[in-house]
Amino acid sequence: MGLGKKKGGRKEPLFGLPAALADLRLTAADRIPGSDDKPKKSTKSSARRKSEDAGDEQPRERKAPAGRGSAKRRSKSRIGASLGRLVYWGAVLGLWGAIAVIGVVIYVGAHLPPIQSLEIPKRPPTIQIVGIDGSMLAQRGEMAGANVSLKDLPQYLPKAFIAIEDRRFYSHFGIDPVGILRALVTNVLHRGVSQGGSTLTQQLAKNLFLTQERTMARKLQEAELAIWLERKHSKNEILELYLNRVYFGSGAYGVEAAAQRYFGKSAKNVTVAEAAMLAGLVKSPSRLAPNRNPEGAEARAKIVLTAMADAKFITEAQAQASIGQPSYNVKPVGAGTINYVADWIGEVLDDLVGQIDESIKVETTIDPKLQSVAEAAIIDELAAKSVKFNVSQGALVAMTPDGAVRAMVGGRNYSESQYNRAVTARRQPGSSFKPFVYLTALEQGLTPDTLRQDAPIEVKGWKPENYTHEYFGAVTLTQALAMSLNTVAIRLGLEVGPKNVVRTAHRLGISSKLEPNASIALGTSEVSMVELVGAYAPFANGGFTATPHVVTRIRTLGGKLLYMRQPDEHNQVVDPRYVGMMNAMMRETLISGTAKKAEIPGWPAAGKTGTSQDYRDAWFIGYTANLVTGVWLGNDDNSPTKKATGGGLPVEVWSRFMKTAHEGVPVAALPSSPGGWGLSNLAQATSQVSAPTAAAPAPPPVNNGGYRPPPTRANARPEAAAGLDGWLMDRLFGGNR
């Protein structure tokens with residue numbers, strides 16, 4: 001019996017990997033073809049299995065090569081399919097691009113104010129400041145000239161802007177696709193931004209409604225607003241708005257302001273060359289402004305003239321004749337000392353008219369001629385002697401006896417320092433404060449001829465000295481004030497009471513805080529120049545209060561009155577008798593005292609010098625019946641000068657200014673005492689000599705052992721330095737104070 005396998009015999013179960021691979025079969029298609037193998041067409045799976053099981057090989061069928069006609073048909077079919085796909089995808093991309101553009105437009109529009117609510121904004125308010133003669137002194141805010149109508153301008157002026165900025169202005173709809181494409185090509189060729197594609201309408205939209213930031217969002221907003229402007233306004237209206245709003249550098253907005261700034265004339269009268277220069281400034285107003293870069297402005301003007309000739313707006317002959325023709329009338333901006341006045345006006349405007357929402361004209365008390373004289377006097381004196389005396393700054397205030405400021409200089413150069421030393425700075429006035437001490441003494445019964453001892457004095461360990469360290473014994477109050485003797489001023493101050501001295505100073509116009517101590521008599525409390533000059537005004541006007549002021553009227557440019565100054569109340573703050581006494585005493589300062597250089601020929605004048613401790617401040621406040629003028633010289637850091645005294649540099653500046661200011665003015669006398677006063681009772685005057693607070697040592701003996709007599713005009717010495725101590729002087733020359 002042969003052994004064999006039975007059909008359907010028992011099979012052992014398989015597990016794991018063998019079970020998973022039990023039914024796996026590889027076919028010819030699963031083999032890795034060789035380099036010569038060709039892909040074979042698949043047949044039905046059952047036939048392929050039978051063929052593989054039997055081990056038979058199917059013969060390969062060889063196709064006949066396709067003909068040329070068939071290849072061409074397939075090629076055309078492929079091209080057609082490609083074109084179809086291209087058209088399809090182009091349509092798809094175009095649709096999505098249109099959707100994206102619409103979305104961007106909607107997005108940009110959503111961030112703009114509603115178009116229906118857009119209005120051409122008003123110009124920012126400007127402040128025009130004019131002098132007493134109506135002339136323009138300064139301007140605050142953006143310098144915007146009056147609006148000019150397109151029909152009032154010479155034809156070549158607007159055409160200059162069209163030629164260089166937007167040749168197709170009258171043919172586009174707000175944006176210029178041709179111009180944009182041309183700018184793109186030019187910028188690509190130059191590998192940078194060398195040409196812009198913005199139209200005049202786009203520039204106007206940016207100036208009116210948008211910021212200057214360089215972003216794609218801003219450019220898109222600019223384009224939308226330009227289209228809106230074109231729909232709302234005519235071309236000529238847009239051009240006129242543009243010419244009246246565009247920026248030309250140096251703070252000038254609009255062609256009228258620019259023409260006034262650069263050529264000193266109205267835009268209605270500019271020449272072809274000047275029109276070309278104005279049009280050229282728009283590209284880069286700060287860089288090409290003729291007051292900063294005249295060469296660059298002229299070069300740009302030549303380009304504009306060439307563009308005007310190419311556009312047939314002018315002839316070639318006109319272009320050639322206009323090259324290099326602009327006549328400049330450019331003044332330095334911001335350097336004039338009148339700007340100190342403008343700043344002072346800006347500080348008080350809010351109190352006078354409140355918030356400003358429209359342009360205004362401020363009429364002032366400033367006399368332009370006197371302002372120029374004051375500026376020159378300060379600047380020239382410092383230029384000549386600042387190094388010698390180590391003085392870097394100066395200030396001057398001149399006002400009428402009723403307080404109307406005619407000139408104010410707050411420093412030597414406004415462009416270098418805007419700090420107003422005439423209004424804002426507070427410095428020790430030194431001996432220029434002494435008139436308030438002497439006035440208090442007169443009001444308590446003393447007279448100019450009352451005698452007081454000039455001798456050393458000690459107050460609680462403080463030993464003030466005279467300027468020369470010399471003492472003259474019994475002197476009259478007139479002599480003591482004229483020579484500015486410190487010991488007499490201290491004695492008087494203590495005699496009448498420091499608090500009473502402070503009250504007198506405040507009554508006459510000093511507003512700063514004053515310390516009522518013994519040293520107040522020497523001017524150790526700080527004051528401003530404008531208040532000190534104002535406090536001298538009652539001596540010049542007969543004893544009436546005088547408030548320093550500079551603004552008389554404020555109007556809108558349309559003529560509406562917003563403010564008018566009302567005259568001060570006629571309050572008598574000093575009795576006329578004492579005014580006359582003080583004037584007689586302070587006249588002596590200019591005749592025989594510390595300010596002999598300050599005498600004005602033909603004019604009765606009076607005043608007082610002052611020098612603070614260690615020569616830090618040099619003052620002179622002097623006056624006539626026409627003007628009260630104060631001068632200060634010193635250093636901003638309060639450093640000592642090289643012995644600059646009130647009787648030196650300040651008197652020289654004052655004299656130069658006052659001589660010019662009084663030319664052609666009828667001479668007027670200073671107020672005097674009704675009935676005067678006399679020396680009929682000299683014994684009574686002598687009996688008033690006292691030292692109420694401290695026993696003064698005997699006056700120093702002279703060589704023969706006797707006492708020095710009261711000084712006369714022949715032997716009067718310069719005033720002692722004001723301040724606490726350290727009064728030194730050049731004894732060789734006996735320097736004036």
Side-chain angles (χ1 to χ4, degrees), residues 138 332-347 371 374-398 405 407-433 510-515 522-534 548 609-621 629-654 656-657 721-724 726-728 737:
V333 178
T337 57
I338 191 62
N339 287 283
Y340 291 111
V341 178
D343 287 350
W344 186 31
I345 291 172
E347 293 172 4
Q371 180 68 31
E375 178 178 307
I378 289 287
I379 293 175
D380 292 350
E381 188 75 10
L382 289 174
K385 300 180 180 179
S386 62
V387 175
K388 177 181 178 181
F389 289 97
N390 189 34
V391 175
S392 60
Q393 283 294 346
L396 182 149
V397 173
V405 176
M408 173 182 284
V409 177
R412 70 189 299 177
N413 191 313
Y414 181 84
S415 63
E416 292 180 358
S417 171
Q418 292 78 50
Y419 184 62
N420 193 335
R421 296 152 191 87
V423 175
T424 307
R426 280 175 165 73
R427 308 291 294 241
Q428 288 186 357
S431 293
S432 61
F433 189 84
I510 298 294
S511 57
S512 296
K513 182 181 179 181
L514 303 175
E515 296 295 336
L522 304 185
T524 54
S525 290
E526 296 177 342
V527 298
S528 71
M529 167 170 280
V530 70
E531 65 181 324
L532 183 59
V533 175
T609 58
T611 309
S612 66
Q613 182 181 0
D614 297 331
Y615 303 95
R616 298 177 191 276
D617 305 274
W619 298 80
F620 180 61
I621 317 296
T629 300
V631 178
W632 167 86
L633 294 169
N635 297 309
D636 286 339
D637 61 2
N638 207 32
S639 61
T641 65
K642 293 179 180 178
K643 298 183 180 180
T645 63
L649 303 184
V651 164
E652 293 173 10
V653 173
W654 186 91
R656 174 175 171 175
F657 172 79
L724 301 179
W727 300 280
L728 300 175
R737 289 252 311 160

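For the numbers below, each heavy atom of this structure counts, side chains included, while hydrogens, waters and symmetry mates do not.
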(request) State whether a side-chain donor-acceptor pair under 3.5 Å links Arg427 with Ser612. (result) no
(request) Measure across Thr629 and Ala398 and return the closest heavy-atom pair with its distance rounded to 0.1 Å. (result) OG1-CB, 3.4 Å
(request) Over all heavy atoms of both residues, which pair between Gly523 and Pro429 is shortest? Give the atoms and the distance, please. (result) O-CD, 3.2 Å
(message) I'd like to know if the side chain of Asp637 and the backbone of Ser639 have a donor-acceptor N/O pair within less than 3.5 Å.
(response) yes
(request) Using the side-chain hydrogen bond (donor to acceptor under 3.5 Å, both in side chains) rule, pick out the option among Asn420, Thr337, Asp343 that qualifies with Tyr414. (result) Asp343
(message) Pair Leu532, Ile510 - check side-chain contact (heavy atoms from CB on, under 4.5 Å), show working.
(response) CA-CA 6 Å; Leu532 183 59; Ile510 298 294; 4.1 Å; yes
(message) Determine whether a donor-acceptor pair (N or O, by modelled atom type, separation under 3.5 Å) exists between the side chain of Trp619 and the backbone of Gln428.
(response) yes
(request) Compare every heavy atom of Ile621 with every heavy atom of Ser432, then report the nearest pair and how far apart it is. (result) CB-CG1, 4.3 Å
(request) Measure from the side-chain N and O atoms of Asp617 to the backbone N and O of Gly430, and report whether any donor-acceptor pair falls under 3.5 Å. (result) no
(request) Return yes if some donor-acceptor pair links the side-chain N/O of Arg412 with the main-chain N/O of Ile378 below 3.5 Å, else return no. (result) no
(message) Can you give me the closest heavy-atom contact between Val651 and Gly646, atom names plus distance?
(response) CG2-O, 3.2 Å
(request) Would you mind checking if Arg656 and Glu381 are paired as a salt bridge, meaning a charged N to carboxylate O distance below 4.0 Å? (result) no
(request) List the atom of Ala342, the atom of Ala138, and the distance in Å for their closest heavy-atom pair. (result) CB-CB, 4.0 Å
(request) For the pair Val631 and Phe657, evaluate side-chain contact (heavy atoms from CB on, under 4.5 Å) and give the outcome as yes or no after the intermediate values. (result) CA-CA 10 Å; Val631 178; Phe657 172 79; over 6 Å; no
(message) Applying side chain to side chain donor-acceptor pair (under 3.5 Å), can you list everything that pairs with Ser386, at least two apart in sequence or on another chain?
(response) none
(message) Tell me whether Asn339 contacts the main-chain N or O of Gly336 through its side chain, where contact means a donor paired with an acceptor under 3.5 Å.
(response) yes
(request) In sequence, state the C-alpha distance, the side-chain angles, and the governing distance for Asp636 and Arg421, and then conclude on side-chain contact (heavy atoms from CB on, under 4.5 Å). (result) CA-CA 9 Å; Asp636 286 339; Arg421 296 152 191 87; 2.8 Å; yes
(message) Main chain of Met408, side chain of Gln371: is a donor-acceptor contact present, judged purely on distance under 3.5 Å?
(response) yes
(message) Keeping Thr641 on the side-chain end and Gly634 on the backbone end, is there a donor-acceptor pair under 3.5 Å?
(response) no
